[in-house]
Amino acid sequence: MDFCFENDLTWQQQLAASITKPEELLEFLDLDRSHYPKSNVANIEFPFKVTRSFASRMAKRDIHDPLLRQVLPLEDELESSHGFSTNPVGDVEATVSPGILHKYHGRVLLIVTPACAINCRYCFRREFPYRDGSFGSTHEQVGLEYISNNTEINEVILSGGDPLMLNDSKLKSLIQKIAAIPHIARLRVHTRLPIVLPSRITAELIEVLTETRLQTVLVLHTNHPNELDREVADAIGQLVNANIPLLNQSVLLKGVNDHSETLIDLSEALFSLNILPYYLHLLDKTKGTAHFETLLPKAKAIQKRLRQKLPGFLVPRMVWEKQGEAYKLPL
């Protein structure tokens, strides 16, 4: 089985060719299908999806590969765990209008799409009510009026899902409407696509992101240095050449990156691409994700080691999000 593409395929065509059956991925990785649970309930409740680009970076014949672990459905997801819920960070309570979350002073977050290029098994929005809670065309005007009427807001964050799943035309239209609100100064885009679908970074997209009066910042999501291959580096290079500031946030995940040396390598690899490490999140306690949790004593030990081995500007801030707090809490 060959997971390589022709270079002239569009990002939409590559997205359409994503793997949606765990058995297909296991076959490509030369792994026995017995590694896939006999029950497919986990896959039904939260469907499996991964791009072929991301899959191509996984190690063959290694069921413990850190990239594979992020996407492979496991029966562990079906276990009930104390303290884990469908609304772990208070998104529902923070929703002031369909698709608009207003948690923190001066900024709002827009859920512009439920779609992602890959479905990360630890996703804190895997249970989010997207059907009624997305900032789509139906609710767009109401949401923009909310932002216009709250002059203390100076930053809009595009999230989802992944906002870069929108096509360029829709993205451009939305950014123009946001930029028309005088008191908005910054646009922040939270996205994993430059990592999992690097072909999404095109000249047309860069034009959309840069031809606005708003200061635009991209916050990427990378958990492991193996996610950063040459294809990703080339895409990131286009963003860097366009002078778009790049930050990265990671999640501390058991069996993926819960070792200080892995995170040290990640910070160094990110910065070599001109991406600044920003946040290292403790796991949001979402139903079905308890097997990813790194316990607090180990997290503190990891944080201490990062401070010992890295210059301060390469140490991501280790934080956790608590419902009702005015900011993310440092560890």
Side-chain angles (χ1 to χ4, degrees), residues 10-20 46-55 57 67 70-71 89 91 98-101 107-131 133-137 140 143 155-175 178 187-202 204-206 208-209 216-224 227-228 231-232 235-236 238-239 244-251 253 275 278-279 281 284 286 289 321:
T10 66
W11 70 270
Q12 294 98 331
Q13 289 170 325
Q14 292 193 19
L15 183 65
S18 295
I19 312 161
T20 57
F46 186 53
F48 171 84
K49 182 182 180 183
V50 63
T51 63
R52 294 175 184 268
S53 174
F54 193 74
R57 300 169 224 162
L67 277 60
Q70 293 180 57
V71 300
V89 296
D91 278 353
I100 294 192
L101 277 60
R107 53 208 185 273
V108 294
L109 184 146
L110 307 187
I111 305 289
V112 298
T113 176
C116 285
I118 73 171
N119 287 344
C120 301
R121 307 312 298 181
Y122 54 87
C123 179
F124 72 99
R125 288 204 180 111
R126 56 186 285 168
E127 300 277 353
F128 186 79
Y130 285 109
R131 182 179 299 275
S134 293
F135 185 84
S137 56
E140 184 178 274
E155 180 178 52
V156 172
I157 302 167
L158 302 187
S159 185
D162 195 307
L164 293 191
M165 292 287 282
L166 297 181
N167 63 43
D168 294 340
S169 176
K170 289 183 179 178
L171 194 60
K172 181 177 181 178
S173 175
L174 178 58
I175 292 174
I178 294 169
L187 178 74
R188 203 190 322 168
V189 181
H190 284 195
T191 178
R192 191 139 160 76
L193 259 69
I195 308 301
V196 303
L197 189 67
S199 58
R200 178 65 183 99
I201 307 305
T202 62
E204 293 77 15
L205 174 63
I206 289 174
V208 169
L209 295 174
T216 302
V217 179
L218 256 62
V219 181
L220 309 178
H221 177 183
T222 319
N223 294 317
H224 194 280
E227 297 177 31
L228 303 172
E231 185 186 11
V232 172
I236 296 301
Q238 295 180 62
L239 296 169
I244 299 174
L246 302 175
L247 307 175
N248 184 73
Q249 54 185 350
S250 306
V251 182
L253 299 167
I275 305 167
Y278 172 44
Y279 275 147
H281 295 266
D284 294 319
T286 307
T289 68
E321 189 169 354

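Being a predicted model, the structure only gives us computed values, none of them experimental.
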Side chains of [X] and [Y] in contact at under 4.5 Å (non-hydrogen atoms):
{"X": "Leu218", "Y": "Thr216", "result": "yes"}
{"X": "Arg121", "Y": "Arg126", "result": "yes"}
{"X": "Ile19", "Y": "Phe48", "result": "yes"}
{"X": "Ile236", "Y": "Pro194", "result": "yes"}
{"X": "Phe46", "Y": "Cys123", "result": "yes"}
{"X": "Val232", "Y": "Arg57", "result": "yes"}
{"X": "Leu158", "Y": "Ile178", "result": "yes"}
{"X": "Asp168", "Y": "Thr202", "result": "yes"}

Distance (rounded to the nearest 0.5 Å) between [X] [atom1] and [Y] [atom2]:
{"X": "Ile118", "Y": "Lys49", "atom1": "CD1", "atom2": "NZ", "value": "10.0 Å"}
{"X": "Leu110", "Y": "Leu174", "atom1": "CG", "atom2": "CG", "value": "6.5 Å"}
{"X": "Leu193", "Y": "Leu205", "atom1": "CG", "atom2": "CG", "value": "9.5 Å"}
{"X": "Ile244", "Y": "Leu209", "atom1": "CD1", "atom2": "CG", "value": "5.0 Å"}
{"X": "Arg200", "Y": "Ile195", "atom1": "CZ", "atom2": "CD1", "value": "14.5 Å"}
{"X": "His224", "Y": "Gln70", "atom1": "NE2", "atom2": "CD", "value": "8.5 Å"}

In terms of side-chain heavy atoms, does [X] have a donor or acceptor partner in [Y] at a distance below 3.5 Å?
{"X": "Glu321", "Y": "His281", "answer": "no"}
{"X": "Thr222", "Y": "Glu227", "answer": "no"}
{"X": "Ser159", "Y": "Arg125", "answer": "yes"}

Heavy-atom closest contact ([X] atom, [Y] atom, distance):
{"X": "Val50", "Y": "Ala55", "value": "CG2-N, 4.4 Å"}
{"X": "Gln14", "Y": "Ser199", "value": "OE1-OG, 3.3 Å"}
{"X": "Ser53", "Y": "Glu231", "value": "OG-OE1, 2.9 Å"}
{"X": "Val196", "Y": "Phe54", "value": "CG1-CD1, 3.7 Å"}
{"X": "Leu220", "Y": "Ile275", "value": "CD1-CD1, 3.8 Å"}
{"X": "Asp162", "Y": "Cys116", "value": "N-SG, 3.9 Å"}

Glu204 with Lys172: basic N within carboxylate O range, under 4.0 Å:
no
Glu155 with Arg188: basic N within carboxylate O range, under 4.0 Å
yes
Where do Tyr279 and Val219 land on the side-chain contact (heavy atoms from CB on, under 4.5 Å) test, with the steps shown first?
CA-CA 10 Å; Tyr279 275 147; Val219 181; over 6 Å; no
Between Val156 and Arg107, does the side-chain contact (heavy atoms from CB on, under 4.5 Å) criterion hold? Intermediate values first, please.
CA-CA 6 Å; Val156 172; Arg107 53 208 185 273; over 6 Å; no
For Ser18 and Leu15, indicate whether the former's side chain and the latter's backbone hold a donor-acceptor pair under 3.5 Å.
yes
For a side-chain contact (heavy atoms from CB on, under 4.5 Å) with Tyr122, tell me which candidate from Thr286, Asn223, Asp284 qualifies.
Asn223
Could you please spell out the steps behind the side-chain contact (heavy atoms from CB on, under 4.5 Å) verdict for Arg192 and Leu164?
CA-CA 8 Å; Arg192 191 139 160 76; Leu164 293 191; over 6 Å; no
